[in-house]
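What follows is a set of notes on a single structure, which appears directly below.
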Protein chains: 2
Amino acid sequence: MVQLQQARLDASFAALSDVTRRGILERLGQKDASITELADRFRMTLTGMKKHVSVLEHAGLVTTEKVGRVRTCRLGLRRLEQEAAWIESYRQLWSARFDELDRIVEGLVQEKTTHDRNTTVSPTS
Amino acid sequence: MVQLQQARLDASFAALSDVTRRGILERLGQKDASITELADRFRMTLTGMKKHVSVLEHAGLVTTEKVGRVRTCRLGLRRLEQEAAWIESYRQLWSARFDELDRIVEGLVQEKTTHDRNTTVSPTS
DNA sequence: CGTACACTGAACCATATGGTTCAGTTACAA
DNA sequence: TTGTAACTGAACCATATGGTTCAGTGTACG
């Protein structure tokens with residue numbers, strides 16, 4: 001199950017790692033579109049666009065339905081919950097880590113101050 | 001500049017699309033580590049781990065410093081702000097899109113109800 | 001000094017990715 | 001029925017990815 005989640009994260013982060021696919025998602029956020037419309041907009045062949053859509057579909061970010069000749073693409077049911085959660089937990093980890101470093105540095109400064117106070121009283125010039 | 005941001009997103013989403021690299025980030029969130037320590041933990045060669053670290057470093061997610069023989073890896077300065085922002089804006093887009101669909105569906109239901117009311121008064125059996 | 005350790009670069013390998021062209025198949029339209 | 005438009009699968013291509021081995025280089029330590 002953890003493996004499944006990891007595979008899911010693998011697939012969707014990989015899907016998001018391409019500027020064209022992020023563009024497709026934004027475009028589909030406005031309105032559903034056919035393969036042809038998407039291919040025109042992103043200036044590539046139908047076959048190329050089909051591949052991108054397949055990647056997004058495999059990641060669960062897009063669903064498609066073919067009626068007649070035309071396949072209509074729309075946003076999938078997934079809202080990137082797990083991806084947002086991973087990033088959020090990373091951000092918290094990051095903050096905690098750097099807060100800790102801050103405390104350590106502060107501790108060192110404190111220590112040094114104390115040390116200085118002990119050693120700088122009445123300097124014997 | 002937009003291109004630069006897109007390249008940044010490309011690089012960091014790609015960096016996050018590997019389960020080992022996400023593991024490395026989580027590990028470094030606990031404590032800094034050398035290449036050897038990371039390689040041991042993730043059961044791969046030093047060379048292989050070096051490559052992963054390089055990818056993370058290139059994405060700005062990790063910084064390294066070599067002192068003596070050992071290269072110490074720590075979390076980079078980037079907190080995935082842009083990545084979190086992209087995902088968040090996508091989630092809002094997604095919500096807006098589906099709210100709109102809800103309204104459309106509701107509209108249709110409303111229409112149908114009205115129609116039913118108009119047509120089902122005193123059914124002539 | 002000699003040895004072992006930590007890393008690094010080059011080369012290699014299999015597979016994946018992002019794109020293309022070409023040759024279909026199916027469906028709408030004149 | 002004869003196009004033609006929309007898609008699709010197969011094959012191909014260049015490059016990237018995730019890993020390895022091998023052969024170093026530089027550093028610590030006894």
Side-chain angles (χ1 to χ4, degrees), chain A residues 3 6-28 31-74 76 83, chain B residues 3 6-28 31-74 76 83:
Chain A
Q3 281 86 332
Q6 294 289 12
R8 165 115 288 175
L9 287 179
D10 279 14
S12 47
F13 280 135
L16 294 179
S17 75
D18 182 278
V19 65
T20 300
R21 285 194 293 263
R22 289 194 301 274
I24 293 170
L25 289 180
E26 291 173 1
R27 168 66 182 74
L28 293 182
K31 196 168 181 302
D32 297 347
S34 67
I35 303 283
T36 298
E37 286 166 344
L38 293 174
D40 282 354
R41 175 172 247 256
F42 294 95
R43 299 164 178 281
M44 73 177 59
T45 58
L46 286 177
T47 309
M49 181 50 66
K50 177 74 188 334
K51 285 193 182 184
H52 278 306
V53 169
S54 295
V55 170
L56 289 167
E57 202 170 3
H58 189 254
L61 299 174
V62 160
T63 62
T64 71
E65 185 194 10
K66 188 165 186 177
V67 33
R69 286 184 297 186
V70 24
R71 177 175 298 278
T72 300
C73 311
R74 54 178 56 91
E83 296 72 18
Chain B
Q3 281 85 333
Q6 293 290 12
R8 167 113 287 174
L9 287 179
D10 279 14
S12 47
F13 280 134
L16 295 179
S17 74
D18 183 276
V19 65
T20 300
R21 284 193 294 263
R22 289 196 301 276
I24 293 170
L25 289 179
E26 291 174 1
R27 168 65 182 75
L28 294 182
K31 194 167 182 304
D32 297 348
S34 67
I35 302 283
T36 297
E37 286 166 344
L38 294 174
D40 283 353
R41 175 173 246 258
F42 294 95
R43 299 166 177 281
M44 74 176 58
T45 59
L46 285 176
T47 310
M49 180 51 65
K50 177 73 189 330
K51 284 193 182 184
H52 278 305
V53 169
S54 296
V55 170
L56 289 167
E57 202 169 3
H58 187 254
L61 299 175
V62 159
T63 61
T64 71
E65 184 193 11
K66 188 164 185 178
V67 33
R69 287 184 297 184
V70 24
R71 177 175 298 278
T72 300
C73 310
R74 53 180 55 92
E83 296 71 18

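Protein chains get the first letters and strands the later ones, always in sequence-line order, with residue 1 at the start of each. Computed from heavy atoms alone, side chains included, the values below leave out hydrogens, waters and symmetry copies.
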Once you round it to whole Å, what is the distance between [atom2] of [N] and [atom1] of [X]?
X        : N       : atom1 : atom2 : answer
Lys66(B) : dT25(D) : NZ    : P     : 13 Å
Leu46(B) : dT25(D) : CG    : C1'   : 14 Å
Phe42(A) : dT20(C) : CZ    : P     : 14 Å
Lys50(B) : dC22(D) : NZ    : P     : 20 Å
Glu37(B) : dC5(C)  : CD    : C1'   : 14 Å
Met44(A) : dG18(C) : CE    : P     : 10 Å

Scan the side chains in residues 37-47 of chain B for donor-acceptor partners under 3.5 Å anywhere in the protein, sequence neighbours excluded, and list what turns up.
unit_1, atom_1, unit_2, atom_2, d
Glu37(B), OE1, Ser34(B), N, 2.9
Thr45(B), OG1, Gly48(B), N, 3.1

What pairs of nitrogen or oxygen atoms, one from the protein and one from nucleotides 12-15 of chain C, lie under 3.5 Å apart?
none

Q. Reading nucleotides 23-30 of chain C from the 5' end, what letters show protein touch, with B for base, S for backbone sugar-phosphate only, - for no heavy atom under 4.0 Å?
A. ----BS--
Quick one: closest heavy-atom pair of [X] and [Y], and the distance?
X        : Y        : result
Val53(B) : Cys73(B) : CG1-SG, 4.0 Å
Ala15(A) : Ala59(A) : CB-CB, 4.1 Å
Arg27(B) : Ala33(B) : NH2-CB, 3.7 Å

Q. Do Leu25(A) and Val62(A) come close enough that some side-chain heavy atom pair is under 4.5 Å?
A.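 Sidechains of Val62(A) and Leu25(A): in contact.
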In Å, rounded to the nearest 0.5 Å, how long is the span from [atom1] of [X] to [atom2] of [Y]?
X        : Y        : atom1 : atom2 : value
Ser12(B) : Leu16(A) : OG    : CG    : 10.0 Å
Leu9(A)  : Glu83(A) : CG    : CD    : 5.5 Å
Thr72(B) : Lys31(B) : OG1   : NZ    : 9.0 Å
Thr63(B) : Asp32(B) : OG1   : CG    : 8.0 Å

Q: Using a 4.0 Å heavy-atom cut-off across all strands, classify Ile35(A) as base, sugar-phosphate, or nothing.
A: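 Contact class for Ile35(A): sugar-phosphate only.
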In a table with atom names and distances, give each donor-acceptor pair under 3.5 Å that connects a side chain of residues 64-71 of chain B to protein atoms at least two apart or in another chain.
unit_1, atom_1, unit_2, atom_2, d
Thr64(B), OG1, Glu57(B), OE2, 3.0
Thr64(B), OG1, Arg71(B), NH1, 2.8

**Q.** Neighbours of DNA chain D within residues 9-28 of chain B, by heavy-atom distance under 4.0 Å
**A.**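 Within this stretch, Asp18(B), Arg21(B) sit under 4.0 Å of the strand.
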Q) Does dA6(C) have OP1 or OP2 sitting under 4.0 Å from an N or O in the side chain of Arg71(B)? A)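 So the side-chain polar atoms of Arg71(B) never come under 4.0 Å of the phosphate oxygens OP1 or OP2 of dA6(C).
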Q) Do any side-chain nitrogens or oxygens of His52(B) fall under 4.0 Å of OP1 or OP2 in dT17(D)? A)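 Indeed not, no polar side-chain atom of His52(B) lies that close.
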Q) For DNA chain C, whose closest nucleotide is more 5', that of Gly48(A) or that of Thr72(B)? A)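 Mapping each residue to its closest nucleotide by heavy atoms, the 5'-most match is Thr72(B).
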Q. Side chain to side chain donor-acceptor pair (under 3.5 Å) with Arg21(B): which residues, sequence neighbours excluded?
A.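 Residues passing side chain to side chain donor-acceptor pair (under 3.5 Å) with Arg21(B): His52(B).
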